[in-house]
Each structure stands twice: as structure tokens, then as C-alpha cells.
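The residues of the chain are indexed from 1 along the displayed sequence. These values consider heavy atoms only, across backbone and side chains, with no hydrogens, waters or symmetry-generated copies.
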Amino acid sequence: MTIQQFLVYLSLCAVCVLTKPTDKKDRVHHDPQLSDKVHDDAQNFEYDHDAFLGADEAKTFDQLTPEESKERLGKIVSKIDEDKDGFVTVEELRDWIKFAQKRWIYEDVERQWKGHDLNEDGLISWEEYKNATYGYILDDPDPDDGFNYKQMMMRDERRFKMADKDGDLIATKEEFTAFLHPEEYDYMKDIVVQETMEDIDKNRDGVIDLEEYIGDMYSHDGDADEPEWVKTEREQFVEFRDKNRDGKMDKEETKDWILPSDYDHAEAEARHLVYESDQNKDGKLTREEIVDKYDLFVGSQATDFGEALVRHDEF
């Protein structure tokens, strides 16, 4: 949790203290569904449009003619073809779909980038981030709210160093994205697990026992009766979370819980789009094959691809 996320958390806490929590806190990181539409190409291609463009972009597809749609789709194809060999592979299409689905992440990074790249050199050093985020707080050795901001800064520094692949304490935009959204990067998953365990492991014995697991989700506040979902979570801990039945979750068990190996929806959709569009059945798509099936990818509706294309170039 970075300081920005923590401040949002504090504001929510001010509301939550008035009522007893009844909703389950979810620490599990799932890949989002590609669309809330039914995937039935016999009826329409709305699911495919959402998957290929992202639901928010797909909603604006209501003004372009088929000719305009094909022209803009052709521009996207050149962006998807990362190695510029004239073909779009399943892997390239999968990566594009994942980009389209997680555009909000890049928007968040872009917003925060402007506030932390203080010297505007296209990089963010740890010193820049620390000064922009903690400078005014660290000037006060005894903050009124009682929180240990120095400890939070040390935690951020540890995550920053993990994201910084070359170890120069200067983050590129990709490294800064990994810092802000570590759950999206394989090489950052250990830090996600470590931070989660530190949050839940109240007795600092290096593992998560049943009461710590439940306590992270639910506060009794003196009530004897637990909601049904809490009882279910107790059963989940015993039956599924604690795989070796020793009464606690270690690092690997915690990782299996919060970072499950989900079904890869983007991969499945990429294979589907290639299968439906691959006229010569060579396992990859040309620009012409994609544009010929424009109704599958984007339909004859309107969107402004310009912003998406610029952001894809940046990342």
C-alpha cells in the first residue's frame, strides 16, 4: 500500500468506524472478466468488442461508418504487431487485449507520474518520489494522527527497490507501474505476498493463523454471532487455504490464496479471434484478415482510438 492508497484508506475508515463491517474484505487478486456480456457470436459480437477494446471504449462505437471503422482498425493492427513482421500472433493479440482491459492502470500511472517526476526528465528517482510523497510529513516528527509514516516510507522504499530492475534507484515508467501496481507483474509477486502477510500477521510469527485470517476480514465488536460468510471463510481456511493442515498459512499458502492461477481469459479470447479470422489457417493474422472481419473486432460503431494508441506507445 503506497501513501496515496493509504490516505484513501484513512478517509474510508472515517466512515466505516460508525458501523460494524458486514462485507468481506477481498485480498485476492483476480484478472477481471473481459466483458459482462454473454459470449454468443451467433447473436452478436458485443463480448468480442469489449474484450478487444475495453468496455468503456466499446461503448462509444456508435458513429463510425463501416469504412471509417475499418480504417481505424487498420491503425490498431499496426500497434498490435509488436515485431512489425506483418502478422498478428495469438501472443501479440493476447497482450493487446490485456492492455485494453487494464487501461485504468496506465491512466493511474500517468496521473501519478506528473506529480512525482519533479525534474521532468522522464524518470522518477526514489529521492523524487520520497520528497514528493513524504517530504512535508517527515518534517513533523510527531504527527497528530499517530501513524508511523517513517515505517510506511521504508515499506515503499523496499517496494521501489524491488520494482527497480537495474538497481539504480531510478524508475522508468514501466518500473514505476510495477511499483504502483505490483500485482500485475510476476517479478513483484513476492513483495505483494510479503506486504499482505505483514498486514495480517499481528503476532509477527511469520505465518497467518485462523484468527488473524478472520480478523483481517471481520471485527466481532463483542457480538457472539458471526455472519454466515465468516463461518464459510473459517471452513475455507481449514479445508483449502491451510494446505498442509498445520493450522496456519505460510508464504506459499498465502501466495496461492491471494494470487491464484486464474484461467487466462485474454489468451482464450485471442485464440478465438484468430480462429474466426484466420482465412488461410496459418495460425496468425494479416492486416487484411483482421479488417475483413472488422465486425468481429470493432463493428461499424464509433470510437476515438487516438488516446489508446498513444498510451500503448508509452507503455
Side-chain angles (χ1 to χ4, degrees), residues 1-6 8-10 12-13 16 21-33 98 102 105 126 147-165 167 171 175-221 223 226-267:
M1 180 184 294
T2 64
I3 186 67
Q4 288 86 356
Q5 294 166 327
F6 180 73
V8 172
Y9 166 77
L10 286 182
L12 292 175
C13 285
C16 293
T22 56
D23 294 328
K24 174 184 173 183
K25 180 192 293 185
D26 191 1
R27 288 189 177 271
V28 181
H29 299 280
H30 289 291
D31 282 338
Q33 296 291 321
K98 288 187 175 182
K102 296 179 179 178
I105 290 176
W126 167 247
F147 286 100
N148 189 339
Y149 290 103
K150 187 166 291 187
Q151 186 175 6
M152 293 177 62
M153 184 183 70
M154 291 173 62
R155 178 162 158 158
D156 269 358
E157 184 177 10
R158 181 181 64 190
R159 191 199 284 190
F160 193 97
K161 289 179 177 178
M162 180 71 75
D164 176 29
K165 283 186 171 183
E175 290 170 335
F176 193 62
T177 305
F179 168 69
L180 293 178
H181 299 278
E183 68 282 352
E184 301 297 332
Y185 291 80
D186 286 339
Y187 80 100
M188 294 293 289
K189 287 184 177 179
D190 283 347
I191 202 74
V192 175
V193 174
Q194 184 175 357
E195 290 179 0
T196 301
M197 294 190 74
E198 289 173 351
D199 289 342
I200 302 175
D201 176 24
K202 301 304 182 185
N203 64 7
R204 299 293 183 259
D205 64 351
V207 291
I208 299 173
D209 61 36
L210 176 57
E211 293 310 314
E212 288 171 332
Y213 175 78
I214 295 298
D216 182 60
M217 305 176 183
Y218 176 75
S219 176
H220 285 274
D221 288 341
D223 290 349
E226 292 180 338
E228 284 300 316
W229 69 261
V230 176
K231 297 176 182 177
T232 300
E233 281 299 332
R234 288 186 181 276
E235 295 171 359
Q236 290 285 318
F237 183 94
V238 173
E239 296 296 327
F240 302 106
R241 311 279 187 247
D242 177 21
K243 297 184 187 304
N244 62 6
R245 301 293 193 271
D246 65 352
K248 51 208 172 194
M249 285 196 300
D250 58 23
K251 180 179 178 180
E252 287 305 312
E253 289 168 330
T254 302
K255 185 176 183 179
D256 289 343
W257 165 44
I258 66 172
L259 298 168
S261 300
D262 286 339
Y263 175 74
D264 194 332
H265 295 279
E267 172 91 16

Apply salt bridge (charged side-chain N to carboxylate O under 4.0 Å, His left out) to residues Lys231 and Glu235 and explain how you reach the verdict.
CA-CA 6 Å; Lys231 297 176 182 177; Glu235 295 171 359; over 6 Å; no
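- Interatomic distance, Leu259 CG to Lys189 NZ, rounded to the nearest 0.5 Å: 6.0 Å.
- Ile191 places none of its side-chain heavy atoms less than 4.5 Å from the side chain of Val193.
- Surrounding NZ of Lys251 are at most 12 heavy atoms belonging to other residues, nucleotides or ligands under 6.0 Å away.
- When the side-chain contact (heavy atoms from CB on, under 4.5 Å) test is applied to Ala178, the partners found at least two apart in sequence or on another chain are Ala163, Tyr185, Tyr187, Met188.
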With side chain to side chain contact (heavy atoms under 4.5 Å, CB included) as the criterion, how do Met249 and Lys255 come out once you've worked through the C-alpha distance, each side chain's angles and the decisive distance to 0.1 Å?
CA-CA 9 Å; Met249 285 196 300; Lys255 185 176 183 179; over 6 Å; no
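- Side-chain atoms of Lys202 come within 3.5 Å of backbone atoms of Asp199 as a donor-acceptor pair (strictly under, hydrogens ignored).
- Separation of atoms CD (Glu253) and CG (Asn244) is listed at 4.5 Å; rounding is to 0.5 Å.
- Ring pair Tyr213/Phe237 is tilted by interplanar angle, where 30° to 60° counts as tilted.
- In terms of heavy atoms, Glu175 sits closest to Lys165 at OE2-N, 3.1 Å.
- Met217 has its side chain out of reach of Val230: every pair of non-hydrogen atoms, C-beta onward, lies at least 4.5 Å apart.
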Go through the steps for Asp264 and Lys98 under the test side chain to side chain contact (heavy atoms under 4.5 Å, CB included), then give the verdict.
CA-CA 10 Å; Asp264 194 332; Lys98 288 187 175 182; 3.5 Å; yes
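- Annotation: the span from His29 atom NE2 to Trp257 atom CH2 amounts to 9.5 Å, rounded to 0.5 Å.
- Once rounded to the nearest 0.5 Å, the distance linking NZ of Lys243 with CZ of Arg245 reads 9.0 Å.
- To the nearest 0.5 Å, atom CD of residue Glu226 and atom CD of residue Glu233 are 11.0 Å apart.
- Lys102 is linked by a side-chain hydrogen bond (donor to acceptor under 3.5 Å, both in side chains) to Asp31, Glu184, counting only residues two or more places apart in sequence or in another chain.
- For the residue pair Tyr218 and Trp229, the shortest heavy atom distance occurs at CB-CH2, 3.9 Å.
- The backbone N or O of Gln236 lies less than 3.5 Å from no partner atom in the side chain of Arg241, so there is not a single donor-acceptor pair.
- Shown here are the side-chain contact (heavy atoms from CB on, under 4.5 Å) partners of Asn203, two or more places apart in sequence or in another chain: Asp201, Asp205, Asp209, Glu212.
- For the atom pair CD of Glu157 and NZ of Lys150, the computed distance is 12.0 Å after rounding to the nearest 0.5 Å.
- Residues Phe179 and Asp156 have side chains in contact (heavy-atom distance under 4.5 Å, counting atoms from C-beta outward).
- What you find for Gly247 and Asp242 is that their closest heavy atoms are N-OD2, 2.7 Å.
- Contact of the Glu183 side chain with the Ile258 side chain is not registered, since no non-hydrogen atoms from C-beta on lie closer than 4.5 Å.
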